[in-house]
Amino acid sequence: MIILLLKAIGVILGVILLYVALGYALPFIEVSAKDDGQKKEIPIYIYTNGVHTDIVMPVKNDVQDWSAKIPFANTLSKKTDYNYIGIGWGDKGFYLDTPTWADLKFSTAFKATFWLSESAMHCSYYKVMKEGADCKKIMISRNQYQKLVQFVDEKFDKDENGDFILIPTSAVYGNNDAFYDAKGKYSFLNTCNTWANDALKSAGQKAAFWTPSDYGIFLHYK
């Protein structure tokens with residue numbers, strides 16, 4: 001029994017060490033941007049709060065009107081003068097029950113790690129975006145933006161009318177955000193940052209080969 005227990009502990013530690021090693025090494029492998037030859041006229045941003053990476057896009061242009069699908073009225077402020085919307089995918093438990101690391105529970109972390117909980121989309125409106133270490137601007141073409149919009153849109157869960165499903169909750173982060181049901185399962189292999197990294201790939205932008213962290217994305221945009 002003791003030998004089996006030690007072997008099990010050894011396997012678990014081995015998996016953790018392998019994950020840490022791959023999580024550090026693989027992000028350095030860059031997936032190069034693809035130039036489609038079109039004018040780069042639409043600004044998007046990658047923005048991190050130190051944990052989650054969001055894809056920030058114009059609220060409305062001739063390609064997509066996000067406010068029609070993510071109503072301003074679903075935010076606490078109800079304001080309609082926002083210019084950008086940041087969208088991120090992640091574990092519902094982390095988003096709703098863990099506003100800070102101090103609120104993290106073992107049950108939440110365990111479920112998120114092993115595909116045992118649902119996912120959510122976190123949508124935040126902004127008036128302005130300021131570039132810095134936590135925010136990088138990327139200019140993309142209309143064609144690339146259309147592909148990005150499709151990638152993001154397809155991650156939202158939808159009702160019978162095709163509308164995004166609002167999660168009624170008071171656990172928002174501010175006056176400008178709201179949560180919606182999403183497709184897919186969060187895990188240690190498929191994190192919020194993995195999703196954002198894949199979103200960049202869908203739009204033909206620079207990205208990490210694979211990354212579980214925001215660092216793996218931003219190191220390609222220094």
Is it the case that the side chain of [X] and the backbone of [Y] share a donor-acceptor pair, with hydrogens and angles ignored and the cut-off at 3.5 Å?
X: Gln144; Y: Lys34; value: yes
X: Ser124; Y: Asn176; value: no
X: Asp54; Y: Val56; value: no
X: Lys158; Y: Asp153; value: yes

Can you tell me how far the [atom1] atom of [X] sits from the [atom2] atom of [Y], to the nearest 0.5 Å?
X: Lys155; Y: Met121; atom1: NZ; atom2: CE; result: 8.0 Å
X: Asp157; Y: Lys183; atom1: CG; atom2: NZ; result: 6.5 Å
X: His220; Y: Phe28; atom1: NE2; atom2: CZ; result: 8.0 Å
X: Ile44; Y: Ile138; atom1: CD1; atom2: CD1; result: 4.5 Å
X: Ser119; Y: Trp89; atom1: OG; atom2: CH2; result: 5.5 Å
X: Gln146; Y: Ser141; atom1: CD; atom2: OG; result: 8.0 Å

**Prompt:** Does the gap between the ring centers of Tyr173 and Phe179 come in under 6.0 Å?
**Reply:** yes
**Asked** Any chance the rings of Tyr125 and Tyr82 have centres within less than 6.0 Å?
**Response** yes
**Message:** Please determine whether a side-chain nitrogen of the Lys or Arg among Lys185 and Asp91 lies less than 4.0 Å from a carboxylate oxygen of the Asp or Glu.
**Reply:** no
**Item:** salt_bridge(Lys69, Asp163) N-O dist < 4.0 Å
**Value:** no
**Request:** Verify side-chain hydrogen bond (donor to acceptor under 3.5 Å, both in side chains) between Thr48 and Asp214, making sure each step is shown before the conclusion.
**Result:** CA-CA 7 Å; Thr48 179; Asp214 57 350; 2.7 Å; yes
Joint cluster assignment, [X] & [Y], ILVMFWY side-chain distance < 4.5 Å:
X: Val149; Y: Val152; result: yes
X: Trp210; Y: Ile29; result: yes
X: Ile167; Y: Leu76; result: yes
X: Tyr45; Y: Ile140; result: no
X: Val63; Y: Ile70; result: yes

Quick one, [X] and [Y] - any side-chain contact, counting heavy atoms below 4.5 Å?
X: Met57; Y: Trp66; result: yes
X: Leu148; Y: Gln205; result: no
X: Val59; Y: Phe72; result: yes
X: Glu30; Y: Lys206; result: yes
X: Leu26; Y: Thr211; result: no
X: Ile87; Y: Phe156; result: yes
X: Lys78; Y: Asn175; result: no
X: Asp181; Y: Phe164; result: no

**Message:** Within the supplied structure, the quantity of interest is the number of heavy atoms (other residues, nucleotides, ligands) at a distance under 6.0 Å from Phe209 CZ; does it exceed 12?
**Reply:** no
Where [X] and [Y] come nearest, the two heavy atoms and their spacing:
X: Thr194; Y: Pro212; value: OG1-CA, 3.9 Å
X: Gly216; Y: Pro27; value: CA-CB, 3.6 Å
X: His52; Y: Asn49; value: N-OD1, 2.8 Å
X: Met129; Y: Cys135; value: CE-SG, 3.7 Å
X: Gln38; Y: Lys40; value: O-NZ, 2.8 Å

**Message:** Here's a test for you: under side chain to side chain contact (heavy atoms under 4.5 Å, CB included), which of Asn193, Asn197, Thr191 qualifies with Thr53?
**Reply:** Asn193
**Request:** Only one of Val172, Ile85, Thr75 passes side chain to side chain contact (heavy atoms under 4.5 Å, CB included) with Asp177; say which it is.
**Result:** Val172
**Message:** Pair Trp195, Phe151 - check ring-ring contact (aromatic ring centres under 6.0 Å, His included), show working.
**Reply:** CA-CA 10 Å; Trp195 177 83; Phe151 178 90; 5.8 Å; yes
**Message:** Could you go through Asn74 and Tyr180, starting from their C-alpha distance and side-chain angles, then the distance that decides it, and tell me whether this counts as side-chain hydrogen bond (donor to acceptor under 3.5 Å, both in side chains)?
**Reply:** CA-CA 10 Å; Asn74 287 345; Tyr180 295 80; 2.9 Å; yes
**Request:** Return yes if a side-chain donor-acceptor contact under 3.5 Å exists between Asp65 and Ser67, otherwise no.
**Result:** yes
**Message:** According to salt bridge (Lys or Arg N to Asp or Glu O under 4.0 Å), does anything in residues 194-204 pair up with another residue at least two apart or in another chain? List the pairs.
**Reply:** Asp198-Lys201
**Request:** For residues 132-150, pull every pair meeting salt bridge (Lys or Arg N to Asp or Glu O under 4.0 Å), keeping only residues two or more places apart or in separate chains.
**Result:** Asp62-Arg142
